[in-house]
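Below you'll find the structure, written out as C-alpha cells, and then a few comments.
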Amino acid sequence: MKKFIFSATRTLLVYSAVMGAHADDEVNRQDKLALKLTERFTQSDTNGDGQLTREEAKEGRFRVVARKFDEIDTSRRGSVTLEQIKEYLSAKGQER
C-alpha cells in the first residue's frame, strides 16, 4: 500500500510540475506576443498620438491591422488604438 501511495504521489507531483511548466510557457508566450504587438504598434504610430490610421498601419507593415482595419475600427473614427487591436485579436482567438 505504501508503494502505491508513493507512486501515485510521485505521478501527481510530476504531472503538476509538467502542467505548471506548460502554464508558465503559455504565460511567457502571451507576454511575448503582447510585447511584440506593443512594439509593432509603437513603431507604426509615426506621429505618436497613440492611434493608428490605416495609412500608418500600411506604412508600418502592420499587415493584420491594415487588412482588417474596418473590423477593428468599430467606432468608425478612422483610427484604432492598441486596446482595440488587442480586443479584436482576443475575440478572433476565442473564435478558434
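Side chains included, hydrogens not; waters and symmetry mates left out as well; all remaining heavy atoms used.
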Shortest non-hydrogen separation from Tyr88 to Glu71 and the atoms involved: OH-OE1, 3.4 Å
Apply side-chain hydrogen bond (donor to acceptor under 3.5 Å, both in side chains) to residues Thr46 and Glu56 and explain how you reach the verdict. CA-CA 7 Å; Thr46 55; Glu56 284 176 316; 3.2 Å; yes
Quick one: CZ on Phe62 to CZ on Arg67, what's the gap to the nearest 0.5 Å? 11.0 Å
Rounded to the nearest 0.5 Å, how far apart are CD of Glu87 and CD1 of Ile72? 11.0 Å
With rounding to the nearest 0.5 angstrom, report the NZ to OG distance, Lys58 to Ser44. 13.5 Å
CD1 on Ile85 to CG on Leu52, rounded to 0.5 Å: 5.0 Å
Nearest 0.5 Å please: distance from the OG1 atom of Thr74 over to the CD atom of Gln84. 5.0 Å
Where Asp49 and Asp45 come nearest, the two heavy atoms and their spacing: OD1-OD1, 3.0 Å
Restricting to non-hydrogen atoms, name the atom on Asp73 and the atom on Ser79 that form the minimum distance, rounded to 0.1 Å. OD1-O, 3.3 Å
To the nearest 0.5 Å, atom NZ of Lys92 lies from atom NZ of Lys68 at 6.5 Å
What are the two closest non-hydrogen atoms of Phe41 and Thr81, and how far apart are they? CE1-C, 3.8 Å
Can any side-chain N or O of Gln43 pair as donor or acceptor with the backbone N or O of Arg40 at less than 3.5 Å? no
